[in-house]
Amino acid sequence: MTPLEICREFISCKIESASPFGDGHINETFLVNTENGRFVCQRLGSKMDTAALEKNFRLYAPACERFGLVYPVWIKNNDGNFFYTESDGNRWRMYPYLEGEILPSDLSGKNLCACGQGIARIHAALNTMQDRPEPVYPMLHDLTYYYEEYQKLFEGPYLIKENRDAGMEDMISSGIGRMLQTAREYGPPSVVHGDMKLANILFRDGQVIGFLDFDTVMVGYPEEDLADCIRSCCIRDGILDKDAADVLIRGYLDNLPIGGSAKVPRDFEELSKQVWKAFRKICFELGLRYYTDAISEKKHFRRTSPGYRVAKAGSLLNIALSGKYPCAIVPA
């Protein structure tokens with residue numbers, strides 16, 4: 001079925017167009033223009049558990065509303081379900097397009113502070129949910145899992161030998177022990193967004209009004225949400241700017257007293273220390289995943305060339321293992 005045909009399973013108004021939208025790595029997304037406004041239609045990744053998605057939606061939707069945060073509000077299809085399944089097994093969902101700005105990565109100081117404040121709000125909201133979320137991606141941010149998958153490649157039939165890079169593999173083998181130790185040094189877990197990149201944060205008039213892509217909501221570590229956001233929005237001319245990141249962290253701390261129960265240090269120096277540990281671990285994890293993708297016939301990241309994957313992996317692994325800031329980074 002075409003995207004237009006899928007849309008008619010959810011809405012009855014006149015559809016004018018449906019075009020590819022966004023740069024997500026998992027879901028195939030279309031922006032749909034209709035006589036009644038714009039919508040987003042998504043084909044879900046094949047491994048996504050729709051029962052877990054729906055359970056989590058029913059948990060985070062009222063939490064976001066209590067805190068005045070915008071989020072994708074799914075539309076039920078003609079059969080009264082949130083997901084439409086084609087005969088070939090492809091599953092789709094749809095929601096009204098969220099009006100807001102997604103800002104470029106070189107945020108001003110004011111916007112960095114607002115970004116941190118917004119993350120504090122979503123952490124506060126998520127930690128008022130009436131139950132714990134069901135992880136749609138149980139392996140997300142599990143470095144042990146990703147390292148085991150990487151190791152399995154060398155024993156199986158999917159390895160692309162000509163794409164291997166000895167220098168990259170030396171960095172992985174020399175750094176994995178340190179990074180696994182870092183993952184054991186955070187404070188207690190709480191509910192987090194799980195994919196806190198700038199492309200998932202909606203602004204209006206310089207303030208954060210909401211968030212996109214709640215498929216990754218999980219029990220995890222607030223430090224990793226902050227670190228992932230820093231990776232995506234504290235870049236100046238290809239260099240990660242620690243001073244800019246500090247502004248974001250201070251914005252986060254300034255807004256924590258609104259009632260959030262995210263379990264993080266309330267002292268700036270202590271939280272900053274934890275976030276930079278998380279930053280190195282997140283960069284190592286992503287570098288490992290991009291390199292694994294580069295040398296495997298099975299791909300996770302969509303629409304990226306092998307050359308891009310290797311360059312991205314090298315940039316991220318160098319940052320993780322050097323521990324020097326500011327530092328060069330390939331943008332998200």
Side-chain angles (χ1 to χ4, degrees), residues 10 24 26-27 40 42 44-45 47-77 79-85 91-98 100 115-142 186-197 200-202 207-229 251-266 271 274 278:
F10 289 90
I26 307 299
N27 302 322
V40 172
Q42 286 184 321
L44 302 181
K47 296 181 180 179
M48 296 176 75
D49 181 345
T50 54
L53 285 171
E54 184 166 345
K55 174 190 174 179
N56 294 347
F57 175 77
R58 295 184 186 279
L59 290 171
Y60 65 70
C64 287
E65 288 170 8
R66 281 193 295 273
F67 280 75
L69 289 166
V70 172
Y71 64 98
V73 180
W74 301 346
I75 301 169
K76 288 187 176 180
N77 65 24
D79 295 326
N81 301 311
F82 284 125
F83 306 102
Y84 175 75
T85 304
R91 291 141 328 143
W92 297 78
R93 68 180 167 200
M94 198 166 180
Y95 57 87
Y97 176 79
L98 298 179
C115 192
Q117 292 170 345
I119 297 172
R121 286 179 67 200
I122 190 60
H123 283 173
L126 293 175
N127 282 283
T128 67
M129 296 192 323
Q130 299 304 301
D131 194 5
R132 290 209 156 190
E134 190 75 29
V136 175
Y137 303 105
M139 76 296 293
L140 186 63
H141 299 315
D142 183 345
Y186 302 136
S190 57
V191 183
V192 297
H193 181 279
D195 190 16
M196 192 55 74
K197 60 188 178 185
N200 284 334
I201 304 175
L202 287 175
Q207 297 299 315
V208 173
I209 61 167
F211 296 83
L212 302 173
D213 194 1
F214 283 77
D215 296 344
T216 51
V217 166
M218 59 185 285
V219 175
Y221 298 96
E223 296 93 337
E224 291 196 350
D225 261 8
L226 286 164
D228 212 13
C229 186
Y252 179 84
L253 276 175
D254 288 345
N255 222 30
L256 273 184
I258 63 175
S261 56
K263 300 174 177 63
V264 298
R266 300 302 174 107
L271 177 58
Q274 290 289 80

Check: Side-chain contact, heavy-atom cut-off 4.5 Å: Pro133 with Val219?
Finding: yes

Notebook entry, point to check: What is the distance from atom CE of Met129 to atom OH of Tyr60, rounded to the nearest 0.5 Å?
Noted result: 10.0 Å

Item checked: Under 3.5 Å donor-acceptor, Asp213 side chain and Asn200 backbone -> no

Next item on the list: Using a 4.5 Å cut-off on heavy atoms from C-beta on, say whether the side chain of Asp195 contacts that of Asp228.
Entry: yes

Note to self: If you compare all heavy atoms of Leu271 against all heavy atoms of Pro265, which two are closest, and at what distance to 0.1 Å?
What the structure shows: CB-O, 3.8 Å

Next item on the list: Go through Tyr95 and Gln42 one step at a time and tell me if the side chain to side chain contact (heavy atoms under 4.5 Å, CB included) criterion holds.
Entry: CA-CA 9 Å; Tyr95 57 87; Gln42 286 184 321; 4.0 Å; yes

Next item on the list: List the atom of Ala125, the atom of Thr128, and the distance in Å for their closest heavy-atom pair.
Entry: O-OG1, 2.6 Å

Check: Rounded to the nearest 0.5 Å, how far does CG of Asp215 lie from CZ of Phe57?
Finding: 11.0 Å

Check: Does the ring center of Trp74 lie less than 6.0 Å from the ring center of Phe83?
Finding: yes

Checklist line | Asp79 (side chain) donor-acceptor with Asn81 (main chain) under 3.5 angstrom | finding: no

Notebook entry, point to check: If only atom types and distance count, is the side chain of Arg91 paired as donor or acceptor with the main-chain N or O of Met48 below 3.5 Å?
Noted result: yes

Check: Would Glu224 and Tyr186 satisfy side chain to side chain donor-acceptor pair (under 3.5 Å), going step by step from the backbone distance to the final call?
Finding: CA-CA 9 Å; Glu224 291 196 350; Tyr186 302 136; 3.0 Å; yes

Checklist line | Nearest heavy-atom neighbours spanning Met196 and Phe211 | finding: SD-CE2, 3.6 Å

Item checked: Spacing of CG belonging to Asp225 relative to NZ belonging to Lys197, to within rounding of 0.5 Å -> 12.5 Å

Margin query: Ignoring hydrogens and geometry beyond distance, is a side-chain donor-acceptor pair present between His123 and Tyr252 at under 3.5 Å?
Written below: yes

Item checked: Working for side chain to side chain contact (heavy atoms under 4.5 Å, CB included), residues Glu54 and Phe82 -> CA-CA 8 Å; Glu54 184 166 345; Phe82 284 125; 3.7 Å; yes

Margin query: Checking Val192 against Ile122 for the side chain to side chain contact (heavy atoms under 4.5 Å, CB included) test, could you report, in this order, the C-alpha distance in whole Å, the side-chain angles of both residues, the deciding distance, and whether it holds?
Written below: CA-CA 8 Å; Val192 297; Ile122 190 60; over 6 Å; no

Note to self: Could you measure the distance from the CD1 atom of Ile201 to the CD1 atom of Ile209? Nearest 0.5 Å is fine.
What the structure shows: 12.0 Å

Note to self: Restricting to non-hydrogen atoms, name the atom on Arg121 and the atom on Val208 that form the minimum distance, rounded to 0.1 Å.
What the structure shows: NH1-O, 3.4 Å

Next item on the list: Rounded to the nearest 0.5 Å, what's the gap from CG on Asp131 to CG on Leu59? Could you check?
Entry: 5.5 Å

Notebook entry, point to check: Out of curiosity, His193 NE2 to Ile119 CD1, how far, rounded to the nearest 0.5 Å?
Noted result: 10.0 Å

Check: Got a donor-acceptor contact below 3.5 angstrom from the Asn127 side chain to the Val191 backbone?
Finding: yes

Note to self: Checking Met94 against Tyr84 for the side chain to side chain contact (heavy atoms under 4.5 Å, CB included) test, could you report, in this order, the C-alpha distance in whole Å, the side-chain angles of both residues, the deciding distance, and whether it holds?
What the structure shows: CA-CA 9 Å; Met94 198 166 180; Tyr84 175 75; over 6 Å; no

Item checked: Shortest non-hydrogen contact between Asn255 and Ala120, atoms and distance -> CB-CB, 3.7 Å

Note to self: Give me the atom names and distance for the closest heavy-atom approach of Leu126 to Phe214.
What the structure shows: CD2-CE2, 4.4 Å

